[in-house]
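Notes to accompany the following structure.
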Amino acid sequence: MDGRPTRDDAWKLLREFTTSPSLIKHALAVEAAMRAYARRFGEDEAAWGIVGLIHDFDYERNPTPETHLHAAQRILTERGWPEEWIRAVCSHADSMGIPRDTPMARTLFAVDELTGFLTACALVRPDRAIANVKVKSVKKKLKDKAFARGVNRDDIRRGAEALGVELDEHIAFVRDAMAAIAAELELPPSA
Ligand SMILES: [Fe+2]
Ligand SMILES: [Fe+2]
């Protein structure tokens, strides 16, 4: 890798390893949330977006805790990606045992599971519009264990806490970031 990887490099890497449309949409949702938080915190928006876009690039081929991110760590290192980005990417799963000791890493963890949960909340609405998902209804669904049961509620709460953002505000913030790219997420715009 000559110089710092670009968004285009990140996209190519994602597509090299990922074919699942839902994983691609997950990557785009996390990218959007990372960029929005980078703007809010006055951080490097391009870098944060790239980290969001690639954070699960090895997941399709390595979907178990024993393999997910171990492959990513090796591939990114071999290809000369920036160390700070590799650490942030690999810290998003507790199984890697890498501390989330930068704002970039904490934000990635905080938005990862929430984007999936918000997508599930949008899809059960009659209009399927992410922009119209209400914070109150998200919190109610967080308590409903049968709803989107694959999403780890504890990760969402721990993530917001470590980020230092109130859960209500965090939900609304990530929702708005996703709503801004609703078309890419194949969700309808707000009515
Ligand atoms: Fe992951
Ligand atoms: Fe993820």
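These numbers come from the heavy atoms of this one structure, side chains and all, not from hydrogens, waters or symmetry mates. Just so you know, ligand 1 is whichever comes first in the structure, and atom 1 is the first atom listed for that ligand.
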Would you please name every residue forming a salt bridge (Lys or Arg N to Asp or Glu O under 4.0 Å) with R7, sequence neighbours left out?
-> E31
Taking NZ, NE, NH1 and NH2 as the nitrogens, is one of them in D144 or K141 under 4.0 Å from a carboxylate oxygen of the other?
-> no
In H55, the N/O/S atom nearest the Fe ion (ligand 2) carries the name NE2
Should the ring pair F173 and Y37 be called parallel, tilted or perpendicular, given that the plane angle runs from 0 to 90° and is split at 30 and 60?
-> tilted
Could you confirm whether E113 has any N/O/S atom lying under 2.8 Å from the Fe ion (ligand 2)?
-> no
Checking only N/O/S atoms, does D56 have one that is under 2.8 Å from the Fe ion (ligand 1)?
-> yes
Measuring to the Fe ion (ligand 1), does H92 have an N/O/S atom at a distance below 2.8 Å?
-> yes
Closest N/O/S atom of H26 to the Fe ion (ligand 2), by atom name?
-> NE2
Under a 4.0 Å N-O cut-off, is there an ion pair linking R100 with D94?
-> yes
Checking distances from the Fe ion (ligand 2), one finds that the N, O or S atom of D112 closest to it is OD1
pair W48-P103: side-chain heavy atoms closer than 4.5 Å = yes
